[in-house]
Amino acid sequence: MSRTGRTARSRLAERLADRGLRLRHMAVLAALVDLGPHVQRELAVRLAIDRSDIVKIIDELGAAGLVDRVRDMTDRRRVTVTVSPAGRALYDRLQADATAVQDDVLAPLNARERARLTALLTRVHGHLQGGAGTQRPSR
């Protein structure tokens with residue numbers, strides 16, 4: 001599992017690098033698309049990224065016009081980050097890249113095998129997250 005994960009991650013990282021991005025850039029865009037605007041500090045905690053690293057990542061995304069930042073006028077330390085329309089469009093393309101990598105990695109499996117693998121991995125992940133999703137899938 002570890003080797004397969006590393007291979008898939010490496011292939012996606014290569015595609016991102018072709019766009020001048022890293023996996024962490026995609027993770028931040030994904031969180032903002034999926035969860036909506038976030039306070040920068042909370043985003044760092046949610047993604048388990050060091051606070052100084054999240055500043056650099058958001059600076060890079062901001063410089064590229066992919067995110068917008070607004071400082072809270074009542075607490076100047078709070079910065080809310082929002083994905084921009086350009087960031088959303090890029091994220092959609094990155095999702096297509098991720099799907100292409102997934103399809104390539106899972107090419108030896110047919111649709112039924114992929115569904116079974118997804119169910120099993122979802123079950124394991126649920127167990128690791130404290131019990132959610134630990135029901136046995138039907139056969």
Side-chain angles (χ1 to χ4, degrees):
M1 282 191 328
S2 178
R3 275 189 300 217
T4 303
R6 274 195 313 268
T7 299
R9 176 184 233 112
S10 175
R11 289 180 182 182
L12 180 57
E14 287 172 13
R15 286 178 176 248
L16 293 173
D18 290 343
R19 298 177 185 272
L21 299 170
R22 295 188 351 235
L23 289 168
R24 287 184 166 189
H25 293 113
M26 185 172 176
V28 168
L29 289 174
L32 294 173
V33 167
D34 292 345
L35 305 171
H38 251 68
V39 172
Q40 190 168 290
R41 278 181 282 164
E42 293 169 6
L43 190 60
V45 170
R46 182 175 288 267
L47 296 176
I49 297 174
D50 185 82
R51 288 166 67 179
S52 62
D53 290 338
I54 197 79
V55 169
K56 181 179 179 189
I57 293 164
I58 291 172
D59 283 347
E60 292 166 351
L61 292 171
L66 302 173
V67 297
D68 297 313
R69 292 175 283 191
V70 177
R71 192 167 297 278
D72 186 323
M73 293 310 215
T74 60
D75 182 352
R76 302 289 295 161
R77 295 169 297 173
R78 279 177 64 97
V79 176
T80 300
V81 184
T82 307
V83 67
S84 70
R88 175 60 200 227
L90 175 62
Y91 177 72
D92 291 343
R93 291 191 301 275
L94 297 178
Q95 279 297 101
D97 285 346
T99 298
V101 168
Q102 178 176 305
D103 288 343
D104 184 47
V105 169
L106 299 178
L109 305 179
N110 64 35
R112 184 172 180 209
E113 290 167 330
R114 286 181 185 203
R116 182 73 175 144
L117 178 62
T118 298
L120 290 170
L121 291 174
T122 299
R123 187 168 151 204
V124 169
H125 184 262
H127 168 74
L128 296 174
Q129 297 302 309
T134 57
Q135 300 86 355
R136 292 189 70 124
S138 60
R139 290 185 185 206

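One-based numbering along the sequence shown. This is a predicted model, so every value here is computed, not measured.
- Under the side chain to side chain contact (heavy atoms under 4.5 Å, CB included) criterion, Arg24 pairs with Arg22, Ile49, Asp53, Ile57, sequence neighbours left out.
- Remark: Asp59 pairs with Val55, Arg69 by the side chain to side chain contact (heavy atoms under 4.5 Å, CB included) rule, at least two apart or across chains.
- Annotation: salt bridge (Lys or Arg N to Asp or Glu O under 4.0 Å) contacts of Arg93 (sequence neighbours excluded): none.
- A salt bridge (charged side-chain N to carboxylate O under 4.0 Å, His left out) check over residues 25-40, counting only residues at least two apart or in different chains, returns nothing.
- Under the salt bridge (Lys or Arg N to Asp or Glu O under 4.0 Å) criterion, Asp68 pairs with no residue, sequence neighbours left out.
- When the side chain to side chain contact (heavy atoms under 4.5 Å, CB included) test is applied to Ala17, no partner is found at least two apart in sequence or on another chain.
- Open room surrounds CZ on Arg9; 12 or fewer heavy atoms of other groups in view lie less than 6.0 Å from it.
- The side chain to side chain contact (heavy atoms under 4.5 Å, CB included) test applied to Leu117 returns Leu106, Leu109, Leu121, not counting sequence neighbours.
- Contacts classified as side chain to side chain donor-acceptor pair (under 3.5 Å) and involving residues 79-89 (residues at least two apart or in different chains) are given here: Arg88-Asp92.
- Annotation: salt bridge (Lys or Arg N to Asp or Glu O under 4.0 Å) contacts of Arg46 (sequence neighbours excluded): none.
- Residues meeting the side chain to side chain donor-acceptor pair (under 3.5 Å) test with Glu60, sequence neighbours left out: His25.
- Looking at residues two or more places apart in sequence or on another chain, you find a salt bridge (Lys or Arg N to Asp or Glu O under 4.0 Å) between Arg77 and Asp75.
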Please report, to 0.1 Å, the donor-acceptor pairs under 3.5 Å made by any side chain of residues 1-8, with sequence neighbours excluded.
| from | atom 1 | to | atom 2 | distance (Å) |
| --- | --- | --- | --- | --- |
| Ser2 | OG | Arg6 | NH1 | 2.8 |
| Thr7 | OG1 | Arg3 | O | 2.9 |

